[in-house]
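Written below as structure tokens is the structure these notes are about.
Chain A is the first sequence line, chain B the second, and so forth, proteins listed ahead of strands; every chain is numbered from 1. We use all heavy atoms of the structure for the numbers below, so side chains are in, but hydrogens, waters and symmetry mates are not. Everything quoted here is computed from the prediction, not taken from an experiment.
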Number of protein chains: 2
Amino acid sequence: MQEMPENTLATLVQRRLRADLLRGVLPPGAKLKVQALAASYGTGPSPVREALASLTSEGLVERLDQRGFRAAPASVADFDELVRARCWLEEVVLRESLAAGDQGWEEALVLAQWRLGRLKRADAGWEEAHAAFHQALLAGCPSPTLCGMAEALREKAERFRALARRVAYPGRDVAAEHAAIAEAALARDVARAVPLLQAHYRSTASFVRAALAEA
Amino acid sequence: MQEMPENTLATLVQRRLRADLLRGVLPPGAKLKVQALAASYGTGPSPVREALASLTSEGLVERLDQRGFRAAPASVADFDELVRARCWLEEVVLRESLAAGDQGWEEALVLAQWRLGRLKRADAGWEEAHAAFHQALLAGCPSPTLCGMAEALREKAERFRALARRVAYPGRDVAAEHAAIAEAALARDVARAVPLLQAHYRSTASFVRAALAEA
DNA sequence: GCGGCGAGTTTTATCGACAAAATCCGCTTC
DNA sequence: GAAGCGGATTTTGTCGATAAAACTCGCCGC
């Protein structure tokens, strides 16, 4: 075979495929032909097929029995539903994160916010820092299950943001929103932090929705 | 090949595998050897492998890169975490179900409760009726995403209940609990329905936990 | 007696081949 | 000109084979 340094080819392909889906390289509804993907990733069909089956369970790929796989559709209605679900889910996850977060959680959050604050939205690494900030915010929640669900929704939201290319947020201070959220979270003020976080998501959503609709 | 009536073999195997995992036929931690499963389901290795990859994303199967697949572990701690996550998640799903459920939702809930009430726990079909009741309770929630998450957790909870074989609930009137939950839900009384539902889960959990620990 | 080494066996992960669908495309017909 | 039919082509889903790991287990030295 080949050298396989502790990682199986199928998981590797799955990672790359997911990245390509989240970054919009594979647009919604696109037919995902196994042979083409296999050629593009330099493997046989089997690992691709396995990866597609996994991503189907994750909701990023759709399977039409006997007609192959397609990138999951991404309508504006889907996006609205996603944002609503995210607000409702993270309401409880954030609440429990504030209730249970220890000192390590606080410090990780401060660090994530500081790292994010040093970058402008156009900078390389901003996406990663932004994801890390929101992850750190919820990381105090003692339920890996709920944290995992929140992460899955965040990934899907990032997909929509990537699909709405070059979306701008005129007249908005995103950094200040993040700072306010972090401040309320560190003060363990659920009644303030939760609405701030939801408003943050809904504000982003309105811009993304507009960019999606015109595209 | 063979006749394949609109359903692909891989999805069929996935369904059967999931059922076997949920019913405890494949116990937690069991090695899932591809060839053995393929023989048992009368197929080649490819569909089995696809099904296992899917179930890995669902969290019912664990993949150890280069060492194959295993049925997901199911410790008492895992169960406790699951119950906690379920209570938190369904708190918001039930709230939104009560907020948005229409007349069709009400009628489906009444019907599901009546069907469940006609059966004793030992009767055939009770499991299905019970699952249908809890599904109907939450079905008013306008977010398919959240409903799907709740369903995934319910399936995992049923797995634990199946693993704790012959669990009994002495001194408990489960039917009355269901009736009280349905009554509060139909009255759109969130403040009453949510704690009742959570108490219902936690009560079941304490019996299941005891049965798991002694086994 | 016990830990480690090594040949033999089992299992995994991947590939290439092949039959059954589905899809495409041009031709006929109304 | 549009609808419908039928054959060629693509694509899917599945199988069996195969190389490389992992695992087993007995043997040997200490």
Side-chain angles (χ1 to χ4, degrees), chain A residues 1-21 25-73, chain B residues 1-21 25-73:
Chain A
M1 232 173 254
Q2 284 157 292
E3 83 298 337
M4 47 187 59
E6 96 189 71
N7 260 336
T8 191
L9 242 185
T11 47
L12 220 3
V13 170
Q14 182 180 352
R15 248 194 286 283
R16 290 194 52 185
L17 242 175
R18 180 201 271 120
D20 285 348
L21 286 163
V25 177
L26 299 172
K31 260 181 309 178
L32 301 177
K33 302 184 218 179
V34 177
Q35 285 188 8
L37 291 172
S40 136
Y41 294 139
T43 76
S46 310
V48 174
R49 196 155 254 288
E50 245 175 81
L52 286 171
S54 272
L55 293 169
T56 298
S57 276
E58 284 185 44
L60 286 172
V61 170
E62 225 179 37
R63 169 166 219 166
L64 297 118
D65 269 348
Q66 223 77 13
R67 295 187 195 180
F69 300 88
R70 292 192 335 199
Chain B
M1 231 172 254
Q2 286 157 293
E3 84 297 336
M4 46 187 60
E6 94 189 71
N7 260 336
T8 190
L9 243 184
T11 48
L12 221 3
V13 170
Q14 183 180 351
R15 248 194 286 283
R16 292 193 52 185
L17 243 176
R18 181 202 270 118
D20 286 348
L21 287 163
V25 178
L26 299 172
K31 259 182 308 176
L32 301 177
K33 302 184 219 180
V34 177
Q35 284 187 9
L37 292 172
S40 137
Y41 294 141
T43 75
S46 311
V48 173
R49 196 154 253 289
E50 247 176 79
L52 286 171
S54 272
L55 293 169
T56 298
S57 277
E58 284 185 45
L60 286 171
V61 170
E62 225 178 36
R63 168 167 221 166
L64 296 115
D65 270 348
Q66 223 79 12
R67 295 185 194 184
F69 301 88
R70 291 191 337 200

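- Of the residues in residues 43-55 of chain A, those lying under 4.0 Å from DNA chain D by heavy-atom distance are A/Arg49.
- In this structure, the CG atom of B/Leu12 is 14 Å from the C1' atom of D/dT14, given to the nearest Å.
- With a 4.5 Å cut-off on side-chain heavy atoms, A/Arg15 and A/Asn7 count as touching.
- Residues A/Asp65 and A/Arg63 are in side-chain contact: their nearest non-hydrogen atoms beyond the backbone lie under 4.5 Å apart.
- Rounded to a whole Å, the CD atom of B/Gln35 is 9 Å from the C1' atom of C/dT12.
- Remark: of the listed residues B/Lys33, B/Lys31, B/Arg49, B/Arg49 is the sole one forming a side chain to side chain contact (heavy atoms under 4.5 Å, CB included) with B/Phe69.
- Scanning both residues, B/Ser57 and A/Ser54, for their nearest heavy atoms gives OG-O, 3.2 Å.
- Put simply, the side chain of A/Leu17 reaches to within 4.5 Å of the side chain of A/Leu26, judged on heavy atoms.
- The listed nucleotides are C/dC15, D/dG13, D/dA22; the one nearest the side chain of A/Leu9 is C/dC15.
- Rounding to whole angstrom units, CZ of residue B/Arg70 and P of C/dT11 are separated by 16 Å.
- Taking atom NZ on A/Lys33 and atom C1' on C/dT23, their separation rounds to 10 Å, with Å as the unit.
- Between A/Leu9 and A/Tyr41, the closest side-chain pair of non-hydrogen atoms is not below 4.5 Å.
- Rounding to whole angstrom units, CG of residue B/Leu32 and C1' of D/dA22 are separated by 17 Å.
- Where A/Ala10 and A/Asp65 each meet DNA chain C at their nearest nucleotide, the meeting point lying more 5' is that of A/Ala10.
- Distance B/Phe69 CZ to C/dT12 C1': 9 Å, rounded to the nearest Å.
- When every heavy atom of B/Gly44 is checked against every heavy atom of B/Ala38, the shortest pair comes out as O-CB, 3.5 Å.
- The CD-C1' distance, from A/Gln66 to D/dT14, rounds to 11 Å in whole Å.
- Residue B/Thr8 places at least one side-chain N or O under 4.0 Å from the OP1 or OP2 atom of D/dT14.
- Rounded to an integer number of Å, the gap from A/Gln14 CD to C/dA13 C1' is 15 Å.
- Comparing A/Thr11 and A/Lys31 by the nucleotide of DNA chain C that holds the closest heavy atom to each, the one mapping nearer the 5' end is A/Thr11.
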